[in-house]
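Structure record follows, encoded as structure tokens.
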Amino acid sequence: MDYFDEMKLILEIVKDNPNIDFQKLLDISQSYKEISKYIKSGKNKHELIKQLNNASKNLIYEGYINGKVVSTKDETCFIMFNHLTTNGNLYLEKYKDKSFKNKAKKVLKEQGLPKTWNGIIKAIANLIW
């Protein structure tokens, strides 16, 4: 799964299930085709959890989800999702266009943006706004 698919998955779950925590998001995600396929492939589940955790925090920090990230003493964090913001809803709406992902990748390449979270957010912003 790439960043675009991770974003879509998390945003869809939060849209359909507001006011949940990260553990509930993980529980719900197991019913999604992409996640069950990943799990059945034998790939490292802890890596997937780490990816979804980082993507969740970034979606909150970048304003796609209204939520909270609370660090704990043992250096873990508690993530609470409230609801999608306008940007989160716009992303899901744009993602319905089958060419959206390719357009975003084209923006990354044309603008020389790295295939990192920040680069992808900038490419998406160019397409949404």
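Everything numeric here is computed off the predicted structure, so don't read it as measured data.
Among residue pairs with one or both ends in residues 21-36, none qualify as salt bridge (charged side-chain N to carboxylate O under 4.0 Å, His left out); sequence neighbours excluded. Counting only residues at least two apart or on different chains, the salt bridge (charged side-chain N to carboxylate O under 4.0 Å, His left out) pairs with a member in residues 88-97 are Glu93-Lys96, Asp97-Lys103. Residue pairs satisfying the side-chain hydrogen bond (donor to acceptor under 3.5 Å, both in side chains) criterion with at least one member in residues 105-117, sequence neighbours excluded, are listed as follows: Gln111-Asn126.
Legend: residues meeting side-chain contact (heavy atoms from CB on, under 4.5 Å) with Asn53, ordered by chain and number and at least two apart, are Phe22, Lys57, Cys77, Ile79. Here Asp5 pairs with Tyr95, Lys101 under the side chain to side chain donor-acceptor pair (under 3.5 Å) rule; sequence neighbours left out. Legend: residues meeting ring-ring contact (aromatic ring centres under 6.0 Å, His included) with Phe4, ordered by chain and number and at least two apart, are absent. For Leu92, the side-chain contact (heavy atoms from CB on, under 4.5 Å) partners are Lys8, Leu11, Glu12, Lys15, Leu84, not counting sequence neighbours. Every residue was checked against the side-chain contact (heavy atoms from CB on, under 4.5 Å) condition with Ser36, not counting sequence neighbours, and none meets it. The side chain to side chain donor-acceptor pair (under 3.5 Å) search around Asn89 returns none, not counting sequence neighbours. Looking at residues two or more places apart in sequence or on another chain, you find no side chain to side chain donor-acceptor pair (under 3.5 Å) involving Asn17. Checked against side chain to side chain donor-acceptor pair (under 3.5 Å), Thr72 has the following partners two or more places apart in sequence or in another chain: Asp74, Thr76. Residues satisfying the side-chain contact (heavy atoms from CB on, under 4.5 Å) test with Asn44, not counting sequence neighbours, are His46, Glu47.
Of all non-hydrogen atoms in Val107 and Leu113, the two that sit nearest each other are O-CD1, 4.5 Å. Contact between Ala55 and Ile10 at its shortest, heavy atoms only, is CB-CD1, 3.7 Å.
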